[in-house]
Colleague: 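After the C-alpha cells below, expect a handful of questions from me.
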Amino acid sequence: MLVGLVVLWPGGAPAHERTGVGFDRQTQQATVTKVLRVSCASVNASGDTPTGDTSTAEGSSAQQQASGTCKKATIRVDTGDDKGRTFTEIVQPDQSRQLEQGEKVVVAYEPSAPKDLQYSVADVNRRVPMALLAIIFAVAVVVVGRLRGVMALIALAISFMVLNFFVLPAILQGSNPLIVAVVGSSAIMLIALYLCHGLSARTSVAVLGTLISLLLIGILGSLFIDWAFLTGNTDDNTGLIHGLYPSIDMSGLLLAGIIIGSLGVLDDVTVTQTSAVWELHEANPSMGWRALYRAGIRIGRDHIASVVNTLVLAYAGAALPLLLLFSIAQSSVGTVANSELVAEEIVRTLVGSIGLVASVPVTTALAALVVAADRPSSGAAPMTARSASPAASTASAGATSAGAVPAGSAAPARGGRGRRRKH
C-alpha cells in the first residue's frame with residue numbers, strides 16, 4: 001500500500017480550460033436583494049402564445065407562462081472580482097426554484113458572454129443547513145461513542161483526505177482507476193480500522209477479511225463489467241469527464257467506484273464478525289476453532305440477510321428517479337435490466353453483495369483460527385501472579401494451617417476478570 005501511494009501519488013489534479021458546462025463552471029456567491037412580481041408577457045418570458053395542442057407538458061407550460069405572473073429578481077454578487085455587481089433574472093412560474101428576497105444563491109460566471117448575460121443563478125447556497133447538519137452528526141457521534149466516536153470522526157476526515165488528495169487526482173492524471181482504488185481503499189481501511197479499534201490481532205483479522213473480500217469484488221467486477229460491455233459513460237457527468245480527460249478508462253472508473261462503495265459496508269461486516277468470535281471465545285475459552293466458527297457463522301447469517309437488503313435498497317433509492325422513468329414508459333423488466341444505466345446498478349449491487357456474503361465465512365474462519373490458538377495450556381496454574389495478592393496468600397495459608405481446607409485440595413482461584421478458565 002505504501003509503495004502504491006508513493007508510485008501513484010499525483011501531486012494535484014491536472015489543470016484544464018473550463019468548458020462552462022455542468023459542474024465545470026466558474027461560480028461565485030450571491031444574494032437576492034429584490035424580487036418584483038411582473039407579467040410574464042411584459043418581460044417576454046413566455047415567447048409566442050401557443051396555438052396548438054395544450055394537453056402536452058410543453059404546451060401547458062407555455063400557456064401558463066403566457067398568462068401567468070413571473071418574478072424579476074435582482075441579485076448582488078458577493079465574491080470575486082465583480083463583488084457588488086448586480087444583475088436581474090426572470091423566474092418563470094413553473095420553475096422548480098423560486099427565488100425569494102434575502103436568499104443566498106450560487107451564480108455561474110461566463111466571461112466570454114455579453115456583459116449583461118455573464119451571470120446567472122446556478123443553485124441555492126446550502127452551506128448553513130449542511131454545516132449545521134454536520135455539526136449535529138459530529139456531536140451525536142461523540143456523545144454516544146465518546147473516545148471511539150472522536151477517533152471515528154478523525155478516521156472519516158482522513159478518508160476524505162485520501163479520496164481528495166490521492167484517489168481523485170491520480171485518476172485524473174491517467175493512472176489505472178482499479179489500481180488507484182485498491183491502493184486508496186487499502187489506505188482508508190488500514191487507517192480507519194486501526195485508528196478506531198486499536199492495533200490488535202482482532203483488528204488485523206478484520207483487515208485481512210476485508211482485503212480478501214475486496215480482491216474478490218475486484219475480480220468479479222472486472223469480469224462482469226467486460227462481459228456485459230459496460231462503458232461507464234452513461235450520463236452527462238461521466239460524458240463531461242470523458243470529454244475533458246479522454247485518457248481516463250471509464251469502465252475502470254466504474255469498477256473503482258464499486259470497490260470504494262463496498263468498502264464501508266465491508267468494514268462493518270468484518271469488524272462485527274471478528275468481535276462476535278472474540279466474545280464467544282471470552283465466554284467459553286475451551287471452545288475449539290470449529291465450534292467458534294459454527295457459532296460465529298450462525299451470527300453471520302443474520303448479518304448477511306440485513307446487509308444485502310441494505311445494499312439493494314440503497315442503490316434502488318439512489319436510482320429511484322430513473323426507475324420512475326422506466327415505469328412511466330411501461331417498459332418490461334427485461335428491457336429495464338438490459339439498459340446500461342440499470343445494468344450498471346445491478347452489477348454494482350450484485351458484485352458488492354457477493355463480496356459481502358463471502359466476507360462473513362472468510363472473516364469468521366480467520367478469527368476462529370487466530371483466537372483458538374490463544375488457549376490456556378493444560379499445565380497452567382489456575383491462579384496467576386497478577387491475581388494472587390500478598391493478602392490473599394496470607395489468608396489462604398492461615399486457613400490451611402487452621403484446617404479449614406483439607407490437605408490436597410485448593411480453594412477456587414479467580415482471575416483478574418472474575419472468571420475461571422477450564423483446562
Side-chain angles (χ1 to χ4, degrees), residues 17-134 235-241 243-244 317-329:
E17 272 191 49
R18 290 190 178 271
T19 61
V21 178
F23 289 103
D24 193 38
R25 294 179 292 181
Q26 299 183 45
T27 59
Q28 302 293 344
Q29 305 302 313
T31 304
V32 180
T33 58
K34 184 191 298 184
V35 176
L36 298 176
R37 296 185 180 277
V38 296
S39 169
C40 292
S42 67
V43 293
N44 198 28
S46 59
D48 297 332
T49 303
T51 57
D53 184 13
T54 59
S55 62
T56 63
E58 293 82 0
S60 176
S61 175
Q63 186 180 42
Q64 182 181 2
Q65 292 170 17
S67 58
T69 302
C70 293
K71 291 181 178 180
K72 184 177 181 181
T74 302
I75 300 156
R76 183 189 66 237
V77 180
D78 296 333
T79 59
D81 296 336
D82 292 330
K83 182 178 179 180
R85 177 178 168 181
T86 60
F87 66 96
T88 60
E89 183 155 321
I90 304 301
V91 183
Q92 298 177 358
D94 63 337
Q95 285 184 215
S96 58
R97 184 188 300 117
Q98 294 293 317
L99 301 178
E100 302 295 339
Q101 186 170 339
E103 186 176 7
K104 300 292 184 179
V105 294
V106 178
V107 295
Y109 174 62
E110 178 51 60
S112 61
K115 188 171 183 180
D116 293 341
L117 303 176
Q118 287 181 334
Y119 284 96
S120 62
V121 176
D123 207 345
V124 175
N125 190 332
R126 303 180 180 89
R127 292 186 178 184
V128 173
M130 299 298 286
L132 179 59
L133 183 59
D235 56 24
D236 293 339
N237 292 328
T238 53
L240 178 60
I241 293 171
L244 293 174
L320 196 58
L322 177 64
L323 297 178
L324 281 175
L325 288 176
F326 281 109
S327 179
I328 292 170

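Only heavy atoms go into these numbers, but all of them, side chains included; no hydrogens, no water, no symmetry mates. Quantities reported herein were computed from a predicted structural model and do not represent experimental measurements.
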Colleague: For Pro93 and Cys40, work out which heavy atoms get closest and say how close.
Modeller: CD-SG, 3.7 Å
Colleague: Any donor and acceptor pair, going by atom type alone, linking the side chain of Thr79 with main-chain N or O of Gln29 inside 3.5 Å?
Modeller: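 Side chain of Thr79 to backbone of Gln29: a pair is present.
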Colleague: Closer than 3.5 angstrom, by distance alone: can the side chain of Glu89 be matched with the main-chain N or O of Ile75 as a donor-acceptor pair?
Modeller: no
Colleague: Among Asp82, Thr88, Thr86, find the one that has a side-chain hydrogen bond (donor to acceptor under 3.5 Å, both in side chains) with Tyr119.
Modeller: Asp82
Colleague: Can you give me the closest heavy-atom contact between Val121 and Val107, atom names plus distance?
Modeller: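 So the two residues come closest at CA-CG1, 4.1 Å.
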Colleague: What distance do Gln28 atom CD and Lys83 atom NZ have between them, rounded to the nearest 0.5 Å?
Modeller: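 So the CD of Gln28 and the NZ of Lys83 are separated by 11.0 Å.
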Colleague: Calculate, to the nearest 0.5 Å, the distance between atoms CD and CD belonging to Gln92 and Gln98 respectively.
Modeller: 9.5 Å
Colleague: Would you confirm whether Thr74, through its side chain, and Thr33, through its main-chain N or O, come within 3.5 Å as a donor-acceptor pair?
Modeller: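 Not at all, since once roles are kept as given, no pair shorter than 3.5 Å links the two residues.
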Colleague: Using every non-hydrogen atom in the two residues, find where Asp78 and Arg76 come nearest and quote the distance to one decimal.
Modeller: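 The pair with the smallest heavy-atom distance is OD1-NE, 3.0 Å.
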Colleague: Taking Pro111's backbone N and O only, do any of them form a donor-acceptor pair with Gln118's side chain (distance below 3.5 Å, no angle check)?
Modeller: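 At least one qualifying donor-acceptor pair exists.
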Colleague: Using every non-hydrogen atom in the two residues, find where Lys104 and Val124 come nearest and quote the distance to one decimal.
Modeller: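 Looking at all heavy atoms of both residues, the shortest contact is O-CG1, 3.8 Å.
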Colleague: Which heavy atom of Val32 sits nearest a heavy atom of Ala73, and at what distance?
Modeller: CG1-CB, 4.3 Å
Colleague: If you take all heavy atoms of Lys72 and Val38, which pair is closest and at what distance?
Modeller: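 Scanning both residues completely, I find the closest heavy atoms to be CB-CG2, 4.3 Å.
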Colleague: In Å, rounded to the nearest 0.5 Å, how long is the span from CG of Leu36 to CD of Gln101?
Modeller: 8.5 Å
